[in-house]
Amino acid sequence: MTDAPRSTPEEPWPVRVVSQKVGAWIAKLGWVWVDGQVAQISRRPGAGTVFLTLRDPSADLSLTVTTNRDVLDSGAPELREGARVVLHAKPEFYAARGTLSLRADEIRQVGLGELLARLEKLKKLLAAEGLFDRARKRRPPFLPQRIGLVTGRASAAERDVLTNARRRWPAVEFRTVNVAVQGPGAVSQIVDALRVLDADETIDVIILARGGGGIEDLLPFSDEALCRAVFACRTPVVSAIGHETDAPLVDYVADVRASTPTDAAKRVVPDLADEVRLIGQARSRLERAVRNLVDRESHRLTLLRSRPVLARPQVMVEQRAAEVSALRDRAGRNLNHRLDAATGDLRHTLARLRALSPAATLDRGYAIVQRADGHVVRAAGEVATGDPLRVRLAEGELTTTVEETRTR
């Protein structure tokens with residue numbers, strides 16, 4: 001088979017046509033409200049136009065915003081880099097360079113009250129989705145071999161965690177990832193650091209640490225993207241953000257909330273001195289328990305040995321031997337008595353039997369007369385003259401013939 005010939009492509013568009021069509025489509029979008037964080041402000045002296053770089057706190061994405069100086073001065077005169085703003089702008093596409101920008105006619109700096117309202121709304125949303133559920137929170141290991149630390153470079157929070165953890169357990173190991181902990185790029189850097197540490201199989205627990213600051217400074221730790229990244233971690237996460245009174249949303253999502261970075265070190269790493277003391281106490285309790293057990297069993301053995309049955313074990317055999325001998329004597333006497341009684345009874349029976357026996361009668365001189373058929377003759381009329389008779393005596397027999405019969 002041969003390949004089928006390719007179809008002829010349509011007439012290609014020039015780049016300028018594509019750019020014009022994209023610009024025309026973007027022009028149809030109209031005016032929109034945009035929320036973001038100011039990453040850069042460019043005010044040129046004497047110029048009426050101000051350039052802003054607006055960044056999405058949850059993504060590595062930014063747009064250029066142009067506005068009139070009067071618009072900025074009337075809506076946000078004290079605007080600084082890192083502030084959150086809401087602006088009314090129209091998307092514009094610069095066809096010559098192929099870039100997208102926003103042209104704003106109104107800019108409002110987000111106030112503290114509005115920030116707190118947004119955070120409360122986000123808090124309810126995350127709670128409804130189960131990100132704060134206590135049932136899913138994991139307990140860090142008792143003695144982690146290696147700890148992941150996400151914190152600012154050369155910050156007091158980093159120093160507090162490392163110093164206190166190593167003071168408590170000198171052999172503990174750390175893998176520290178330094179990130180921006182405030183500002184436009186903080187969220188994306190922290191999320192990336194969490195993913196790197198969570199993918200490391202040698203990390204047993206991750207500490208997210210930052211020192212104190214204002215609500216605006218701690219805003220990255222209430223960002224929705226960061227909260228979801230912490231929730232998705234397979235490794236237990238300890239949140240140690242700000243002071244004890246600070247409560248960013250990541251505190252509710254993390255597996256453990258520490259009031260300060262120092263408290264995080266105490267929660268994650270056991271105190272070697274305390275553990276040695278506890279082991280010593282446990283050994284002492286064990287020794288006392290074993291000693292008490294041995295003493296108690298030794299006392300029991302002493303009591304058992306003091307009993308007569310163990311002091312003179314032959315006593316039990318002697319007692320049983322005496323009992324067997326007594327029983328044997330009783331049995332012998334009982335048997336002899338029974339035999340004597342039976343012998344007497346037998347003699348009396350034999351005497352009566354002999355007295356009643358025909359042989360005894362014959363011994364007294366009597367005889368038994370029988371006819372030839374063996375019938376015993378009791379009367380003279382039972383035989384006739386000439387009948388043969390047999391006479392049994394005490395010793396022997398006689399044969400005779402009837403010569404005469406007489407009756408009374």
Side-chain angles (χ1 to χ4, degrees), residues 135-136 138-139 141-143 275 277-408:
R136 59 153 294 274
R138 296 150 298 184
R139 180 180 298 178
F142 169 73
L143 181 58
E275 297 304 320
R277 178 177 53 81
L278 292 175
I279 291 174
Q281 293 176 355
R283 290 184 60 182
S284 299
R285 290 196 300 269
L286 181 60
E287 290 176 357
R288 288 195 299 270
V290 172
R291 189 179 299 108
N292 292 336
L293 178 61
V294 172
D295 293 342
R296 185 168 60 251
E297 296 302 322
S298 177
H299 182 63
R300 286 185 58 194
L301 290 176
T302 302
L303 293 177
L304 291 174
R305 291 177 59 187
S306 64
R307 293 181 180 179
V309 69
L310 292 181
R312 294 183 65 248
Q314 66 273 18
V315 172
M316 181 182 295
V317 179
E318 293 172 352
Q319 291 176 351
R320 297 296 179 265
E323 292 176 0
V324 171
S325 179
L327 291 174
R328 184 176 59 190
D329 293 342
R330 285 180 58 190
R333 291 192 300 270
N334 190 16
L335 180 60
N336 291 334
H337 177 71
R338 288 178 178 268
L339 288 176
D340 292 342
T343 300
D345 292 341
L346 184 59
R347 287 196 185 102
H348 291 300
T349 302
L350 183 59
R352 290 195 300 272
L353 181 61
R354 285 177 178 175
L356 298 175
S357 173
T361 302
L362 294 176
D363 289 338
R364 292 196 298 271
Y366 291 94
I368 300 174
V369 181
Q370 294 177 313
R371 294 187 305 194
D373 59 0
H375 181 72
V376 177
V377 179
R378 293 179 175 82
E382 294 181 357
V383 296
T385 302
D387 291 341
L389 297 175
R390 186 177 64 174
V391 180
R392 292 183 60 184
L393 303 175
E395 294 181 4
E397 295 182 357
L398 296 177
T399 301
T400 185
T401 303
V402 177
E403 294 181 354
E404 183 182 357
T405 62
R406 295 178 183 177
T407 60
R408 291 182 181 179

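Below, all heavy atoms of this structure are taken into account, side chains as well, without hydrogens, waters or symmetry copies.
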Apply salt bridge (charged side-chain N to carboxylate O under 4.0 Å, His left out) to Asp295 and list each qualifying residue two or more places apart in sequence or on a separate chain. none
What residues, two or more places apart in sequence or in another chain, satisfy side-chain contact (heavy atoms from CB on, under 4.5 Å) together with Glu397? Arg390, Arg392
Could you list the donor-acceptor pairs under 3.5 angstrom formed between side-chain atoms of residues 334-349 and any protein atom two or more places apart in sequence or on another chain?
| residue | atom | partner | partner atom | Å |
| --- | --- | --- | --- | --- |
| Asn334 | OD1 | Arg338 | NE | 3.4 |
| Asn336 | ND2 | Gly332 | O | 3.2 |
| Thr343 | OG1 | Leu339 | O | 2.7 |
| Thr349 | OG1 | Asp345 | O | 2.8 |
| Thr349 | OG1 | Arg352 | NH2 | 3.4 |

Looking at residues at least two apart in the chain, or sitting in another chain, which of them share a side-chain contact (heavy atoms from CB on, under 4.5 Å) with Arg277? Asp274, Gln281
Applying salt bridge (charged side-chain N to carboxylate O under 4.0 Å, His left out) to Arg296 and not counting sequence neighbours gives none
With sequence neighbours excluded, tell me which residues meet salt bridge (charged side-chain N to carboxylate O under 4.0 Å, His left out) with Glu287. none
I'd like to check the side-chain contact (heavy atoms from CB on, under 4.5 Å) partners of Ser325; sequence neighbours left out, ordered by chain and number. Arg328, Asp329
Under a 4.5 Å cut-off applied to non-hydrogen side-chain atoms, are Ile368 and Val391 in contact? no
Partner set under side-chain contact (heavy atoms from CB on, under 4.5 Å) for Arg330, not counting sequence neighbours: Leu327, Arg333
Which atom pairs, one a donor and one an acceptor, fall under 3.5 Å between side chains of residues 376-385 and the rest of the protein, sequence neighbours left out?
| residue | atom | partner | partner atom | Å |
| --- | --- | --- | --- | --- |
| Glu382 | OE1 | Arg378 | N | 3.1 |

Partners of Glu323 by salt bridge (charged side-chain N to carboxylate O under 4.0 Å, His left out), sequence neighbours excluded? Arg320
Can you name the residues that form a side chain to side chain donor-acceptor pair (under 3.5 Å) with Arg136, not counting sequence neighbours? none
